[in-house]
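Each chain gets a letter, A, B and so on, in the order the sequences are listed, and its residues count up from 1.
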Protein chains: 2
Amino acid sequence: MFAALGDETRLSLVAVLCAGGAFSIAQLTHGTDITRQAVTKHLQVLADAGLVRDLKQGRERLWEFEPSRLDEARRSLESIAGQWDRALARLKSTLERS
Amino acid sequence: MFAALGDETRLSLVAVLCAGGAFSIAQLTHGTDITRQAVTKHLQVLADAGLVRDLKQGRERLWEFEPSRLDEARRSLESIAGQWDRALARLKSTLERS
DNA sequence: CTAATATGCAACCAGGAGGTTGCCCATGAA
DNA sequence: TTCATGGGCAACCTCCTGGTTGCATATTAG
């Protein structure tokens, strides 16, 4: 999922979807300088990572943000940072004890 | 920086460095099934992303975690999630108003 | 001093990722 | 019905990334 967010194009797609709601592939392509197919591939990657969700509607395919997974990522970053904090605390207490 | 965390090997390197303190390249290589050179390259990528820091010590080069940047990433994820929450709130209030 | 250890540098290689093009299908509008 | 539009599929291309190997350099141990 970090890999999914690691691409510049995909990150801006996520940003757009976060801010806006649901967009079709053609709409999302409009404004970028890449092909519709490329956008489709990026959306697929984001979907595999659980970051976006698609809903068919007529001949259109609308994409929207899926917030749950991002929250999970945030929590995992917090846990990593927490590990570091605990390590520092251990180090500090070890030094004080000596 | 998401790209830096997007690689499996690098993510586990970060995890090790978070939990532990400072390690040499040889130590970090021990336990993985890749070459020392590959580990060096990964550490370089992480350093470019500001996630780790190196300190020379004798003939060794010790690497340790750099927590500040990760915190920044956490905040940016929070802001993205926040955008989504605000969009939902706007949508809700729009619906209620109609 | 000499040998072993820890690392750096550069060339090289294979595979995957991002991107494009061409063609086809489905659906909505006129 | 006919046509334009939104989208899917697949082949193809290029370049970057992850990884390796070989050799050179610095530092420490004996």
Check: Is there a donor on the side chain of B:R61 or the base of C:dT7 sitting less than 3.5 Å from an acceptor on the other?
Finding: no
Margin query: Using whole Å, what does the distance between atom P of nucleotide C:dA6 and atom CH2 of B:W63 come to?
Written below: 17 Å
Notebook entry, point to check: If each of B:S24 and A:A38 is mapped to the nucleotide of DNA chain C with the nearest heavy atom, which maps nearer the 5' terminus, i.e. the 5' end?
Noted result: B:S24
Checklist line | Nucleotide C:dT27, atom P - distance to CD of A:Q57 in whole Å | finding: 13 Å
Note to self: Base, sugar-phosphate or nothing for B:E60? Non-hydrogen atoms, less than 4.0 Å.
What the structure shows: sugar-phosphate
Note to self: Please evaluate residues A:F2 and B:F2 with respect to the criterion side chain to side chain contact (heavy atoms under 4.5 Å, CB included), reporting the C-alpha separation (whole Å), side-chain torsions for both, the decisive distance (0.1 Å), and the verdict.
What the structure shows: CA-CA 5 Å; A:F2 286 129; B:F2 287 128; 3.7 Å; yes
Margin query: Is there a path of hydrophobic side-chain contacts, each under 4.5 Å between heavy atoms, that joins A:V16 and A:V52?
Written below: yes
Check: Does B:F23 or A:I34 map to a spot on DNA chain C nearer the 5' end, using the closest nucleotide for each?
Finding: B:F23
Checklist line | Rounded distance in Å - NZ (A:K41) to P (D:dG8) | finding: 13 Å
Margin query: With a 4.0 Å cutoff (strictly under), does any side-chain N or O of A:T35 reach OP1 or OP2 of C:dT20?
Written below: yes
Note to self: Tell me if the side-chain of A:R59 makes a donor-acceptor pair with the base of D:dT5, cut-off 3.5 Å, by modelled atom types.
What the structure shows: yes
Next item on the list: To the nearest Å, give me how far apart CG (A:L46) and P (C:dG18) are.
Entry: 10 Å
Notebook entry, point to check: Expressed in angstrom and rounded to an integer, what is the separation of A:Q37 atom CD from D:dG8 atom P?
Noted result: 8 Å
Margin query: Nearest 0.5 Å, please: how far is CZ in B:R74 from CD in B:E78?
Written below: 5.5 Å
Check: Between D:dT17 atom P and B:E8 atom CD, what is the distance in whole Å?
Finding: 18 Å
Note to self: I need the single residue from A:L13, A:L17, A:L46 that forms a side-chain contact (heavy atoms from CB on, under 4.5 Å) with A:L51. Which is it?
What the structure shows: A:L46
Margin query: Could you tell me how far apart A:H42 (NE2) and C:dA17 (P) are, to the nearest whole angstrom?
Written below: 12 Å
Next item on the list: Specify the separation, in whole Å, of atom CG of B:L43 and atom C1' of C:dC9.
Entry: 16 Å
Next item on the list: Would you give the length of the straight line joining atom CD1 of B:I34 to atom OG1 of B:T40, rounded to the nearest 0.5 angstrom?
Entry: 9.5 Å
Notebook entry, point to check: When you match B:R36 and B:D33 each to their closest nucleotide on DNA chain D, which lands nearer the 5' end?
Noted result: B:D33
